[in-house]
Peer 1: 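Below: one structure in structure tokens.
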2 protein chains.
Amino acid sequence: MTKTVIHKPNYEEELRRAGIRITRPRRIIVGILTESEDHPDALEIFRRAVAIDSSISLSTVYRTMKLLEGIGAIHRHAFEGGPSRFEQAGGEHHDHLIDIDTGDVIEFKSDRIEQLQNEIARQLGYDIVHHRLELYGRKRS
Amino acid sequence: MTKTVIHKPNYEEELRRAGIRITRPRRIIVGILTESEDHPDALEIFRRAVAIDSSISLSTVYRTMKLLEGIGAIHRHAFEGGPSRFEQAGGEHHDHLIDIDTGDVIEFKSDRIEQLQNEIARQLGYDIVHHRLELYGRKRS
DNA sequence: CTTCATGCAAAATATTTGCACGAAG
DNA sequence: CTTCGTGCAAATATTTTGCATGAAG
């Protein structure tokens, strides 16, 4: 098991490659995602964006999230209860441990688990397209 | 890895033990959950309930789901995109493989994975309160 | 009887969409 | 220029809640 390292993708490059226009709101939003080391939801991204350009709308945040998710540039997480939270893709795949008291998210990765998942899917006659592993825990005192 | 076996809990007994009144809507709703071998959402449970007693309201379904979840009698799943889906608890713990083409849910269980999860959490300084493992896959052809 | 559950309608939350206008290429 | 993206407001989807009434124990 290893903790993952943050890396900064070049979203503008990715967008251009996908033939998507680079506009001011999009530039600001991807900038925010690039700088974020947490897992903000749409509203939080909107707040950070508005601090830079107050004319940005929440709709555009949602639209941009969908767009980026579509080209695989970000991942959408639906942790229990709350709204979707987003995270830049492009780093190594990892799973999440969510602190149920603080909401903090810790990333981790286990090749053993991934391997077991594949075995299980195969035994059931499936190929895994993607998966979701979330541990909800409390800090040991 | 093993597939889990369905078993029928006595919800009325559980409710009584928890000091919760057994009303007509509740009896109908838990009856539906007992018979269900799928993972219906609130609206689907509502539809099945209305077929038995047309006076039942969707609010009551939601309230009952929350109640049953509170006493640990059912589990709430938030599979990607859709609304919460429910399943009777009381059987053995298991995880889910979701067929991305049909929405079918297959239950499975892996002690090895559970064990690895615990190790990981411990290494990160946490105790797992619960977890969620979902494999999204496509039938191998 | 007293407490609690219900149905209904309205509210709250999260997200999507139609439309007219403005900006990107 | 032409296409596409934007903000805004309204719509949608899911879930929760206030309130007056009725049922459970």
Side-chain angles (χ1 to χ4, degrees), chain A residues 11-32 39-71 73-86 103, chain B residues 11-32 39-71 73-86 103:
Chain A
Y11 283 120
E12 298 204 11
E13 183 48 40
E14 283 195 63
L15 288 174
R16 223 174 282 111
R17 218 183 306 131
I20 290 165
R21 276 187 196 169
I22 295 169
T23 62
R24 180 166 161 74
R26 285 179 184 162
R27 207 186 313 268
I28 290 171
I29 291 168
V30 301
I32 288 166
H39 299 68
D41 62 24
L43 198 56
E44 177 59 28
I45 294 168
F46 172 65
R47 280 194 214 99
R48 296 180 194 177
V50 161
I52 298 169
D53 175 348
S54 66
S55 75
I56 287 178
S57 78
L58 182 54
S59 309
T60 296
V61 173
Y62 275 110
R63 280 192 275 237
T64 303
M65 292 306 110
K66 185 158 285 189
L67 190 74
L68 295 173
E69 194 188 6
I71 64 172
I74 61 170
H75 291 137
R76 173 190 301 263
H77 300 295
F79 300 138
E80 326 219 291
S84 293
R85 295 170 64 173
F86 304 92
Chain B
Y11 282 120
E12 298 203 12
E13 182 50 40
E14 282 194 65
L15 288 174
R16 223 173 282 113
R17 219 183 307 132
I20 290 166
R21 277 188 196 169
I22 296 171
T23 62
R24 179 165 162 74
R26 284 180 184 160
R27 206 188 312 270
I28 291 171
I29 291 168
V30 300
I32 289 165
H39 300 67
D41 61 23
L43 199 56
E44 177 58 28
I45 294 167
F46 172 65
R47 280 193 214 99
R48 297 180 193 177
V50 161
I52 298 169
D53 175 347
S54 66
S55 76
I56 287 177
S57 79
L58 182 55
S59 309
T60 296
V61 172
Y62 275 109
R63 280 192 274 236
T64 303
M65 291 306 109
K66 185 158 283 188
L67 190 74
L68 295 173
E69 193 187 7
I71 64 172
I74 61 170
H75 291 136
R76 174 190 301 262
H77 302 295
F79 300 136
E80 326 216 293
S84 293
R85 293 169 64 174
F86 304 92

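Each chain gets a letter, A, B and so on, in the order the sequences are listed, and its residues count up from 1. Atoms considered below: every heavy atom in the structure, side chains included; atoms not considered: hydrogens, waters and symmetry mates. Because the structure is predicted, anything quoted here is derived from the model rather than measured.
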Peer 1: Could you check how far CG of A:L43 sits from P of C:dT16, rounded to whole Å?
Peer 2: 14 Å
Peer 1: Rounded to whole angstrom units, what separation is found between the NE2 atom of A:H77 and the P atom of C:dA14?
Peer 2: 18 Å
Peer 1: State, with a plain yes or no, whether a side-chain heavy atom of A:I29 is found less than 4.5 Å away from one of A:M65.
Peer 2: yes
Peer 1: Mind checking salt bridge (Lys or Arg N to Asp or Glu O under 4.0 Å) for A:R48 and listing every partner two or more places apart, or none if nothing turns up?
Peer 2: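 With neighbours one apart ignored, the set is A:D38, A:E44.
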Peer 1: Looking at B:S84, I'd like to know whether one of its side-chain N or O atoms comes within less than 4.0 Å of OP1 or OP2 on D:dT15.
Peer 2: yes
Peer 1: side-chain contact (heavy atoms from CB on, under 4.5 Å) between B:T23 and B:T60: does it pass, once the steps are laid out?
Peer 2: CA-CA 11 Å; B:T23 62; B:T60 296; over 6 Å; no
Peer 1: Over how many whole Å does the gap from A:E44 atom CD to C:dA14 atom P extend?
Peer 2: 13 Å
Peer 1: Could you list the residues that satisfy salt bridge (Lys or Arg N to Asp or Glu O under 4.0 Å) with A:E69, not counting sequence neighbours?
Peer 2: A:R76
Peer 1: Minimum heavy-atom separation for B:I56 to B:P25, with atom names?
Peer 2: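 Where B:I56 meets B:P25 most closely, the heavy atoms are CD1-CA, 4.0 Å.
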Peer 1: Between the axis at one end of the helix from C:dC1-D:dG25 to C:dG25-D:dC1 and the axis at the other (five pairs apiece), what's the angle to 10 degrees?
Peer 2: 40°
Peer 1: Looking at residues at least two apart in the chain, or sitting in another chain, which of them share a salt bridge (Lys or Arg N to Asp or Glu O under 4.0 Å) with B:R26?
Peer 2: none
Peer 1: Grab the two heavy atoms, one from B:S84 and one from B:D41, that are nearest each other, plus how far apart they are.
Peer 2: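 Taking every non-hydrogen atom into account, O-CB, 3.1 Å.
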Peer 1: Rounded to whole angstrom units, what separation is found between the CZ atom of A:F46 and the P atom of C:dT13?
Peer 2: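 Checked: the CZ to P distance equals 16 Å.
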Peer 1: Closest heavy-atom contact between A:E14 and A:I71?
Peer 2: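 Looking at all heavy atoms of both residues, the closest pair is O-CD1, 4.3 Å.
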Peer 1: Verify the contact: side-chain N or O of B:K66 to OP1 or OP2 of D:dT15, cut-off strictly under 4.0 Å; return yes or no.
Peer 2: no
Peer 1: Report yes if a side-chain nitrogen or oxygen of B:Y62 is closer than 4.0 Å to either non-bridging phosphate oxygen (OP1 or OP2) of D:dT15; otherwise report no.
Peer 2: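 So the side-chain polar atoms of B:Y62 do come within 4.0 Å of the phosphate oxygens OP1 or OP2 of D:dT15, strictly under.
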Peer 1: What integer distance in Å separates A:F86:CZ from C:dA14:P?
Peer 2: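 One finds 12 Å between P of C:dA14 and CZ of A:F86, rounded.
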Peer 1: Checking all strands, does B:I22 fall into the base, sugar-phosphate, or nothing category for heavy-atom contacts under 4.0 angstrom?
Peer 2: sugar-phosphate
Peer 1: Between C1' on D:dG25 and CZ on B:R27, what's the gap in Å once rounded to a whole number?
Peer 2: 13 Å
Peer 1: Taking only residues two or more places apart in sequence, or in another chain, which ones meet A:Y62 in a ring-ring contact (aromatic ring centres under 6.0 Å, His included)?
Peer 2: none
Peer 1: Once each nucleotide of nucleotides 1-9 of chain C is scored for protein heavy atoms under 4.0 Å, what B/S/- sequence comes out, 5' to 3'?
Peer 2: --BBSBBBB
